[in-house]
Amino acid sequence: MRIVFMGTPLFAVPSLAALLDSAHEVVGVFCQPDRPQGRGNKLTACPVKQLAESRAVPVYQFQKLRAPEGVAALMALKSDYVVTAAFGQILSQALLDIPAHGTVNVHASLLPNYRGPAPINWCLINGETMTGVTTMMTDAGIDTGDTLLFDAVPILPDECAGALTERLSHVGAALLMRTLDKLEKGVCPRAPQDHALASRHPMLTKELGRIDWSRSAKQIVDLIRGTDPWPGAHTAMDGGVLKVIWARALAQDTDAAPGTVLTGDAKHGLTIATGQGVLAVEQLQAPGGKRMPAADYLRGHPMTPGMRLGEEQA
RNA sequence: CGCGGGGUGGAGCAGUCUGGCAGCUCGUUGGGCUCAUAACCCAAAGGUCGAGGGUUCAAAUCCCUCCCCCGCAA
């Protein structure tokens, strides 16, 4: 079939790769415009664009795909299906009407749960133990269209968002291929979502990664896992922002106020009081530094028991 | 030319402003102590102070050039 692919970040890459290696013909790839990125603000092509260019597939980038030029470009490709995976733009009805048989979306949750742009992160933040990937027929709403196939995946206890995204991206690619196969043969199941059961979560923000020490140690660990590569869990510290990369929740209890450093030397490690339980920080990143084991950091920067984290400097 | 922090034995850092013996907390190795230990005591090894050039009697430190790492912002 003639497929137009729309996607941008790493999550979409395995799906595009699977399409390119299949019998289907990828006639065009749409992704977000190149953005200034990294130190020096160099214009950087997204992962999907890099793959598409390496395979000599035409790439289209529109600030707003729903603008007339975008609609015209998609129309000209005369596709059977549009396939989207973390594209980053909302498709208007005019765009959805273009492909002959519709638009298929690969979504990294078990719909109707975790609709929205960051399902993987929110699953982890909320402490879920199960998630998955769903393929669906896109309609004008956000992740509200009829579902096609799904694949449930258990979340590993020590898994962070980066690793889970990587894992689900491959599950998604396989599921997409099965979905297209069934669609082509006309045997794909299709069911409307139960909107009463739906949940939807917003885009991640930097602020979301700020650790609220009054929450339980377990909840803070889940925040750390769910925000792992970005925005990262962080807290205010004397001299800047302390990023907590990895931590464990200890069963022990303490009378100290949430955010209080209990131990802060290389021998005992960095342990911090929370609203419920104690957080043992194992990996961290200090201002100007790189990620390192907490004990390494403490060798050069011992922290005084009793000092408070998370309090804005005056 | 977006803004900023950093590079010092194996790890994390101090020292740089104000040039003058290469230091700290650990780790490693050897020895001691101990019923025992990730504990304690003694000792040792381990350095191109990111690279190159310049100034100086003397440079980790001051000046110039370059390389690399990280944060912010997106």
Side-chain angles (χ1 to χ4, degrees), chain A residues 6-13 30-51 59-65 86-90 116-118 120-121 160-163 165 202-211 220 223-248 250-252 261-272 278-307 309-314:
Chain A
M6 299 182 183
T8 301
L10 225 41
F11 176 79
V13 165
F30 289 68
C31 66
Q32 295 277 39
D34 295 355
R35 297 248 161 75
Q37 201 173 18
R39 254 159 258 129
N41 276 345
K42 286 184 281 288
L43 228 50
T44 307
C46 65
V48 161
K49 180 179 181 180
Q50 292 179 28
L51 173 61
V59 173
Y60 303 84
Q61 295 170 291
F62 291 95
Q63 198 64 50
K64 284 188 175 181
L65 183 56
F87 174 47
Q89 290 193 31
I90 296 171
I120 300 171
N121 303 277
C160 64
T165 299
M203 203 127 52
L204 299 184
T205 63
K206 187 84 188 167
E207 172 62 19
L208 185 80
R210 196 168 56 78
I211 295 173
I220 292 171
L223 178 74
I224 293 164
R225 296 168 65 209
T227 57
D228 169 59
W230 195 91
H234 55 267
T235 190
M237 184 183 67
D238 200 28
V241 174
L242 178 71
K243 289 191 171 187
V244 180
I245 309 300
W246 201 247
R248 283 180 300 124
L250 300 183
Q252 63 184 260
V261 172
L262 299 175
T263 62
D265 59 88
K267 193 176 299 179
H268 300 94
L270 177 56
T271 54
I272 301 163
V278 171
L279 191 76
V281 177
E282 302 196 330
Q283 294 263 332
L284 56 76
Q285 183 163 17
K290 51 181 65 173
R291 294 178 170 208
M292 66 180 79
D296 285 359
Y297 174 77
L298 293 170
R299 262 192 277 286
H301 306 270
M303 294 170 80
T304 319
M307 67 177 284
L309 296 175
E311 297 183 343
E312 298 304 326
Q313 306 300 312

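In what follows, every chain begins at residue 1, and chains take the letters A, B, ... in the order their sequences are listed.
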Completion exercise
Taken to the nearest whole Å, CD/A:E207 to P/B:rA73 is 12 Å

Problem - Separation of atom CG in A:D296 from atom C1' in B:rG7, rounded to whole Å - result: 16 Å

Practice task
For B:rU28, give its Watson-Crick or G-U wobble partner with both distances under 3.5 Å, or none.
Solution key: B:rA44

Handout entry: Whole-angstrom distance between B:rA58 and B:rA22, as gauged at atom P
Key = 16 Å

Handout entry: A:R299 (side chain) and B:rG27 (base): donor-acceptor pair under 3.5 Å
Key = no

Handout entry: Any A:K267 side-chain N or O less than 4.0 Å from OP1/OP2 of B:rC40
Key = yes

Practice task
Could you tell me whether a side-chain N or O of A:E282 sits under 3.5 Å from a main-chain N or O of A:A247, the two making a donor and an acceptor?
Solution key: no

Practice task
Measure the distance from CD on A:E282 to P on B:rA11 and round it to the nearest whole Å.
Solution key: 21 Å

Problem - Main-chain N/O of A:Q32 paired with A:Q89 side-chain donor or acceptor, under 3.5 Å - result: no

Completion exercise
Paired to B:rC66 by Watson-Crick or G-U wobble criteria (both distances under 3.5 Å) is B:rG50

Exercise for the section: Look at the side chain of A:T271 and the backbone N and O of A:T263, then say whether any donor-acceptor pair between them is shorter than 3.5 Å. Expected result: yes

Practice task
Only counting residues at least two apart or in another chain, list the ones meeting side chain to side chain donor-acceptor pair (under 3.5 Å) with A:T44.
Solution key: none

Practice task
Find which nucleotide of RNA chain B each of A:R291 and A:A266 is nearest to by heavy atoms, and output the residue with the more 5' nucleotide.
Solution key: A:A266

Completion exercise
Mate of B:rC72 across any strand shown (Watson-Crick or G-U wobble, both atom pairs under 3.5 Å) is B:rG2

Exercise for the section: Could you tell me the separation between the NZ atom of A:K42 and the P atom of B:rA73, rounded to a whole number of Å? Expected result: 18 Å

Practice task
Please determine, for B:rA60, whether a Watson-Crick or G-U wobble partner exists with both distances under 3.5 Å, and give it or none.
Solution key: none

Completion exercise
Output for pair (A:N121 CG, A:W230 CH2), nearest 0.5 Å, gives 9.5 Å

Handout entry: Interatomic distance, A:D265 CG vs B:rC24 C1' [rounded to whole Å]
Key = 15 Å

Problem - Separation of the P atoms in B:rG31 and B:rC24, to the nearest angstrom - result: 24 Å

Problem - Heavy-atom neighbours of A:K206 NZ exceed 12 at 6.0 Å - result: yes

Completion exercise
From NE2 of A:H268 across to P of B:rU25 the rounded distance in Å is 17 Å

Practice task
In whole angstrom, give me the gap between the C1' atoms of B:rC40 and B:rC57.
Solution key: 48 Å

Problem - Under-4.0 Å side-chain N/O to phosphate OP1/OP2 contact, A:K243 with B:rC70 - result: no

Practice task
Give the rounded distance in Å between these two atoms: OH of A:Y297 and C1' of B:rC26.
Solution key: 16 Å

Exercise for the section: Taking atom C1' in both B:rG71 and B:rG30, compute the distance separating them and give it to the nearest angstrom. Expected result: 43 Å

Practice task
List the steps and the verdict of side chain to side chain contact (heavy atoms under 4.5 Å, CB included) for A:L51 and A:V48.
Solution key: CA-CA 5 Å; A:L51 173 61; A:V48 161; 5.9 Å; no

Exercise for the section: Can you tell me, in whole Å, how much space there is between the P of B:rC41 and that of B:rC26? Expected result: 9 Å

Problem - Pairwise C1' distance for B:rC1 and B:rG10, with rounding to whole Å - result: 39 Å

Fill in the blank from the handout: Looking only at B:rC13, B:rA74, B:rA73, the nucleotide nearest the A:K206 side chain is B:rA73

Practice task
Both distances under 3.5 Å, Watson-Crick or G-U wobble: report the partner of B:rU34, or none.
Solution key: none

Practice task
May I ask you to verify if any side-chain N or O of A:Q285 is less than 4.0 angstrom from the OP1 or OP2 atom of B:rC70?
Solution key: no

Problem - Separation of atom CG in A:N41 from atom P in B:rA74, rounded to whole Å - result: 10 Å

Exercise for the section: Can you tell me, in whole Å, how much space there is between the P of B:rA74 and that of B:rA39? Expected result: 47 Å

Exercise for the section: Between B:rC68 and B:rA45, how far apart are the P atoms? Round to whole Å, please. Expected result: 37 Å

Problem - Under-4.0 Å side-chain N/O to phosphate OP1/OP2 contact, A:R39 with B:rG71 - result: yes

